[in-house]
Amino acid sequence: MNDTAYGISRLRAVPSARNDEEERVAACARTDGESRAVAAAPRIAKRLTAWWEANARDLPWRFGRATPWGVLVSEVMSQQTQMSRVVPYWQAWMELWPDATALAGASTAEVITMWGRLGYPRRALRLQECAQAVSERYADELPRTYEQLVALPGIGDYTASAVMSFAFGRRIAVIDTNIRRVLSRVFLGKESMGGAASATERELANTVLPQDPSASVMWNQSVMELGAVVCVAKKPLCERCPIAGECLFLESGLPGLGEKRTRPRQRFQGTDRQVRGIVLNALRTLPGAQTSLPREQVESLWKDHVQLDSCIASLDEDGLIEILADGSLRLPR
DNA sequence: ATCCAGGTCA
DNA sequence: TGACCCGGAT
């Protein structure tokens with residue numbers, strides 16, 4: 001891990017009559033944050049690597065134990081969902097459908113049932129669509145470019161980047177809310193704001209990312225892990241942080257910790273999301289041989305029948321349920 | 001009981 | 001920009 005690997009040479013490459021040291025000082029003055037970040041990143045990377053090796057959670061898709069498809073499944077399941085909740089679902093899922101072609105051939109009802117209570121069941125549908133695309137267009141082999149990955153159903157910027165980094169070992173900045181929070185705190189000394197990642201945050205992520213591909217993978221996974229277990233949003237465990245000595249946020253006295261910075265959250269109680277969840281859960285957990293829920297039992301699920309019917313209609317539009325002629329509901333075949 | 005975390009898509 | 005789900009923390 002030398003300076004060149006982190007882009008120092010680029011900063012020094014500005015034409016100048018002054019010597020390198022003068023140029024470095026001038027560069028610091030011009031782009032204080034970036035220059036400081038570039039200088040600190042190698043030290044931080046070293047500490048994070050040691051911390052990762054001693055503290056990384058033993059998730060089943062880590063340490064080379066999963067195929068690229070398995071890594072993709074873990075990332076899709078982990079969107080908007082805590083890792084600890086994902087583990088048992090991922091294990092059962094991968095046992096049943098070890099590759100894209102296996103998932104492509106499953107019934108929708110089975111897929112929704114196995115998705116269980118992970119939440120946002122449209123992700124399950126998109127994952128199966130993704131499996132069908134991979135199976136048919138790419139002969140069951142996950143494509144290896146960001147552009148091809150991000151074009152797949154349910155795969156956005158984060159998941160495409162995560163697969164490129166964690167499954168294929170390529171050098172690419174992975175940007176999720178954990179990484180944004182950690183990088184913003186450590187290098188900018190302030191909280192990351194809600195909403196989409198800003199241009200500044202993206203530039204920072206690319207600036208501090210190690211040049212060496214395998215070092216960049218370690219960086220991505222260790223920064224993300226730190227954000228998940230130490231540098232958490234509300235009560236960061238700075239006394240257990242391996243890079244507390246390098247953190248501008250801690251140095252500044254944690255300014256604005258606890259201020260509203262996440263996207264405004266929608267209430268859950270009484271929302272369509274809750275009602276949709278109730279309906280789908282009833283269908284997922286039908287007893288024994290029963291394959292559909294009679295209209296009468298559907299109506300007992302939620303008092304407000306106007307809202308219930310609109311949720312049933314939206315579930316139908318999403319392809320998550322089928323409405324039979326007699327008004328009973330079932331999971332799609 | 002209420003608050004909160006977390007990517008993708010339209 | 002808002003819709004989408006669930007469970008853990010407080």
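Below, chain A is the first sequence line, B the second, and so on; all start at residue 1. Hydrogens, waters and symmetry mates play no part in the numbers below; they use all other heavy atoms, side chains included.
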Query raised in the report: Around A:Glu239, counting heavy atoms of other residues, nucleotides and ligands shown, do more than 12 lie under 6.0 Å from its CD?
Result: yes
N/O contacts under 3.5 Å, protein versus nucleotides 7-10 of chain C?
residue : atom : partner  : partner atom : Å
C:dG7   : OP1  : A:Arg117 : NE           : 2.8
C:dG7   : OP2  : A:Arg117 : NE           : 3.3
C:dG7   : OP2  : A:Arg117 : NH2          : 3.1

Requested in this report: For C:dC5, take OP1 and OP2 only and decide whether either is under 4.0 Å from a side-chain N or O of A:Arg276.
Outcome: yes
Requested in this report: Consider the side chain of A:Arg122, meaning its heavy atoms from C-beta on, and name the nucleotide among B:dA5, B:dG7, C:dC5 that approaches it most closely.
Outcome: C:dC5
Report summary line: From CZ of A:Arg273 across to P of B:dC4 the rounded distance in Å is 15 Å
Requested in this report: Test for a donor-acceptor pair under 3.5 Å between the base of B:dG7 and the side chain of A:Gln80, counting only N and O atoms.
Outcome: yes
Report task. Measure the distance between the ring centre of A:Tyr120 and the centre of the six-membered base ring of C:dC4, then answer whether it is under 5.5 Å with planes under 30°. Result -> no
Query raised in the report: Do the non-hydrogen side-chain atoms of A:Leu320 and A:Leu283 ever get within less than 4.5 Å of each other?
Result: no
Requested in this report: Salt-bridge test for A:Glu129 and A:Arg122: reply yes if a basic N is under 4.0 Å from a carboxylate O, no otherwise.
Outcome: no
Query raised in the report: When we call it a touch if two heavy atoms are under 4.0 Å apart, what does A:Thr159 touch: a base, just sugar-phosphate, or nothing?
Result: sugar-phosphate
Requested in this report: Please check the phosphate of C:dA3 (OP1 and OP2 only) for any side-chain N or O of A:Arg123 closer than 4.0 Å.
Outcome: no
Query - Exercise: do A:Gln307 and A:Trp302 side chains pair donor with acceptor under 3.5 Å - result: yes
Query raised in the report: If you measure from the P atom in C:dT10 to the same atom in B:dG6, how many Å do you get, rounded?
Result: 14 Å
Report task. Calculate the interatomic distance between A:Ile112 atom CD1 and C:dC4 atom P; express it in whole Å. Result -> 16 Å
Report task. Determine whether A:Arg181 and A:Phe249 make a side-chain contact, defined as any pair of heavy atoms from C-beta on separated by less than 4.5 Å. Result -> no
Report summary line: Here the distance between atom P of B:dA5 and atom CZ of A:Arg180, to the nearest Å, is 13 Å
Requested in this report: Can you figure out which of B:dT8, C:dC6, C:dC4 approaches the side chain of A:Asp157 most closely?
Outcome: B:dT8
Report summary line: On DNA chain B, more 5' by nearest nucleotide between A:Ile155 and A:Leu118 is A:Leu118
Query raised in the report: A:Thr177 side chain N/O closer than 4.0 Å to the phosphate oxygens (OP1, OP2) of B:dG6?
Result: yes
**Report entry** Charged N-O contact under 4.0 Å between A:Asp212 and A:Arg171
**Finding:** no
Requested in this report: When you get a sec, tell me which of B:dG7, C:dC5, B:dG6 is the closest nucleotide to the side chain of A:Leu320?
Outcome: C:dC5
Query raised in the report: Is A:Asp318 touching bases, backbone alone, or none of the nucleic acid, heavy atoms closer than 4.0 Å?
Result: nothing
Requested in this report: Test A:Arg276 against every option in A:Thr271, A:Asp318, A:Asn281 by the side-chain hydrogen bond (donor to acceptor under 3.5 Å, both in side chains) rule and name the one that passes.
Outcome: A:Asp318
Requested in this report: Would you mind reading off the distance between A:Leu125 atom CG and B:dT8 atom P, rounded to a whole angstrom?
Outcome: 17 Å
Report task. Take atom P in B:dT8 and the same atom in C:dG7, then report the distance between them in whole Å. Result -> 22 Å
